[in-house]
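Everything below concerns the one structure shown next.
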Amino acid sequence: MTHHKIISWLTVLCAFSGVAMTVAEDQPAPAAEQSVQEAQTAQDIEAKPWMDTALGADARAQLVLKEMTMDEKLRLVFGYFGDDLPHKGYTRHPQARPDSAGYVEGVPRLGIPALYQADGGIGVASQPSDKPREHTALPSGIATAATWNPELAFAGGAMIGSEARAAGFNVLLGGSVNLMRDPRNGRNFEYAGEDPYLAGVMVGAQIKGVQSNHVISTLKHFALNDQETGRMVVDVNIGDAAARMSDLLALQLAFEIGNPGSVMCAYNRVNGAYACESDYLLNKVLKRDWGFKGWVMSDWGAVHSTIPAANAGLDQQSGAQFDQSPYFGDALKEAVENGHVSQARFDDMVFRVLRAMFAKGVVDHPIKTSPIDFAAHAAISQADAEEAIVLLKNANKILPLGTALQKLAIIGAHADVGVLSGGGSSQVYPVGGMAVKGVGPKTWPGPMVYYPSSPMKAIQARLPNAQVRFDSGTDIASAVALAEASDFAIVFAQQWMAESIDVPNLSLPDNQDALIDAVAKANPNTIVVLQTGGPVLMPWIEQVAGVLEAWYPGSAGGEAIARILFGEVSPSGRLPATFPAAENQLPRAKIDGDPAKPFQRFTTNYHEGAAVGYKWFDLKSHKPLFPFGYGMSYTDFSYGDLAAQVSDTGQVSVSFTIKNSGVVAGKDVPQIYISAQKDLWEAPKRLVAFQKIALEPGESKTVSLTVDPRLLAVYDSKDKAWKITKGEYQVLLSRSAIEPQASIPLRLPGGVVNLQGK
Ligand code: BGC
């Protein structure tokens with residue numbers, strides 16, 4: 001949390017009175033890593049045996065730990081904020097990268113580098129400043145989730161990880177997978193939607209991508225940090241089993257797939273204890289049950305004690321200047337000397353940091369700043385955006401646009417110059433500067449940052465002879481006049497979301513519903529392109545001809561939107577979250593807590609348990625505006641031959657055929673849901689498998705998918721195991737949570753699998 005954050009809270013106060021594969025990291029370095037080893041002379045290794053890359057991470061960390069003094073150990077568990085905090089008289093640590101999130105001193109005497117930390121999930125972020133660092137931004141986290149394509153998530157992670165390394169960072173505070181329990185949560189755009197399986201797979205792939213650069217990725221926020229209102233004090237009430245089948249499952253899958261070096265504990269409390277001093281979350285779930293071997297860092301301003309926090313499993317205090325006290329400084333030293341924190345536990349804290357640094361290659365591959373190929377990276381971001389955009393409505397196949405258009409109106413959202421991004425610590429500032437200046441809050445989490453990728457310019461480039469005109473949309477009469485004088489109108493509508501602020505409701509702000517309604521009445525050929533943090537209500541849905549959900553589409557978003565509009569690529573995004581028809585369909589009327597009193601303690605009761613998103617809608621028989629998994633295409637897909645088997649070992653696999661029965665190439669996301677007998681699960685059905693598939697016109701493929709047994713089970717807290725009930729189930733091959741195309745019965749023999757689903 002920055003000083004900007006604190007100041008902005010005041011502003012906010014006044015204004016309102018976010019594939020399993022494990023890496024064998026203990027093994028000696030593979031052949032490709034030998035060059036590092038050769039670079040070490042025999043003498044180096046004799047003097048510093050932990051530099052021997054032939055040894056595993058555990059052995060190396062143990063060796064160097066033995067050499068460290070108390071003060072050297074303390075350095076590794078104490079993080080500095082990477083920017084000034086004038087109101088606290090704090091000046092950034094001189095070694096921290098300017099405008100960065102954090103810095104942890106190394107131990108140069110022993111060859112242990114410092115940790116340079118940058119946010120975040122969509123690229124190398126920057127604290128707001130006169131000259132913020134400029135980087136490539138991926139589409140928002142929820143957008144990448146909407147691709148349902150883990151390969152793109154990996155590629156995006158690899159790209160932003162490489163920029164982090166090139167900019168001098170070896171820790172990226174990205175890998176954000178808080179479940180969308182409420183679409184009004186201000187950080188949903190940073191996360192990966194409402195389904196634990198989809199979210200875990202996508203964020204796990206991104207983490208893997210980041211770490212392919214020898215940059216440590218940080219899984220966050222651990223855990224149940226699902227709202228911004230009162231985030232520093234809210235106490236989340238949820239049972240162990242419900243948590244493990246929802247929020248914790250998303251984190252667990254991302255952890256198993258991505259194997260992050262660090263995990264960030266959250267601001268909120270869980271069942272009474274602060275997440276950063278929760279023995280349940282840190283020692284029991286994360287370290288004991290899941291076997292996490294890296295280190296737990298705190299969120300910035302999330303530490304409240306020395307002894308309870310250290311003993312509960314917190315390994316490192318981050319951005320210590322945000323906390324009331326430097327808890328992991330002298331106070332920790334004293335606690336260890338007095339035995340309140342055992343020497344063994346203290347050594348474990350340090351060991352975990354060291355081990356991750358060895359395991360992820362941070363020691364063997366010192367960061368070296370280098371130039372970045374921004375054009376190549378923009379192409380990676382664009383590929384992500386193109387698969388993220390969801391076609392929600394396409395009446396009479398009004399899209400794709402033809403190139404014979406004569407007069408086109410572009411209305412709203414600064415679409416003449418750029419695309420929107422989400423605010424807060426994950427904010428990436430664009431290469432070449434912001435497209436619009438001075439919009440949104442004057443202090444953090446502002447400003448509203450628009451990336452200079454103009455949808456209008458990209459559209460005009462495809463219509464060289466047409467009249468393409470822009471109206472800001474602020475004056476409805478003027479927008480209507482332009483729409484009336486045009487053959488076609490595209491309204492860009494936006495909803496800015498930002499860390500620290502939940503949205504008060506799901507309506508588009510700034511009178512945009514009225515704008516869309518009026519434009520649609522003036523011109524039947526009206527298309528709406530949404531740039532939102534997540535689901536919004538669409539009271540005008542019947543009036544408009546087409547709707548695209550473009551999320552926050554990242555550095556090359558304008559180009560991606562144009563390519564979809566003109567059919568250069570067929571839309572293949574699918575909703576990673578249910579779009580409600582009304583707010584009264586949600587588990588709670590409003591988000592608990594009072595935005596005007598951010599430090600007044602309160603409890604939120606997750607009475608919906610694990611029935612999150614479409615599961616809740618199913619349970620309550622609510623009809624959404626658009627269901628989870630929904631998305632249209634410019635081509636047609638047909639499905640057949642659905643079959644399911646259970647192997648001798650109980651492994652469920654499902655197969656089917658899919659055909660592109662239309663006339664253009666496209667990608668589809670067939671989804672497998674399994675439904676259980678009434679009341680057996682938290683909700684009637686669960687997503688258990690999916691795949692993104694590219695098909696040429698007329699092409700068909702046979703797809704076989706296996707199901708993680710945990711997705712068929714109910715977690716048993718007492719036995720600490722996942723239990724599958726013997727009996728009859730239904731397998732659904734579906735286009736979305738509510739559009740089954742085929743269904744077959746499945747008889748499960750029942751069984752018990754361990755925490756890891758084995
Ligand atoms: C956010 C984290 C972020 C940290 C450092 C906090 O406010 O919750 O996600 O990594 O700041 O900037």
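Remember, it's 1-based here, ligands and their atoms both numbered in the order they're listed. Treat the numbers as computed from the prediction; the structure is a model and nothing was measured.
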Inset, instruction - Using the six-membered ring wherever Trp is involved, compare the ring planes of H365 and H214 and label them parallel, tilted or perpendicular (cut-offs 30° and 60°). - result: parallel

Inset, instruction - Take Q494 and Y552, measure what side-chain contact (heavy atoms from CB on, under 4.5 Å) needs, and give me the verdict at the end. - result: CA-CA 9 Å; Q494 61 177 16; Y552 303 140; over 6 Å; no

Legend entry - Closest to atom 3 (C) of ligand 1 (judged by heavy-atom distance), picking from D119, L172, L173: D119

Legend entry - Any E190 heavy atom less than 4.0 Å to ligand 1: no

Legend entry - Sub-4.0 Å heavy-atom approach of Q117 to ligand 1: no

Legend entry - Close-contact set for ligand 1 against K220 heavy atoms, below 4.0 Å: 2 (C), 3 (C), 9 (O), 10 (O)

Inset, instruction - May I ask you to check whether H221 has an N/O atom sitting below 3.5 Å from an N/O atom of ligand 1? - result: yes

Legend entry - Test log, rule side chain to side chain donor-acceptor pair (under 3.5 Å), inputs T136 and S381: CA-CA 8 Å; T136 310; S381 178; over 6 Å; no

Inset, instruction - Verify whether the ring centers belonging to F222 and W290 lie closer than 6.0 Å. - result: yes

Inset, instruction - Please indicate whether any nitrogen or oxygen in W300 is less than 3.5 Å from any nitrogen or oxygen in ligand 1. - result: no

Legend entry - Member of Y267, F328, Y274 meeting the ring-ring contact (aromatic ring centres under 6.0 Å, His included) criterion with H304: Y274

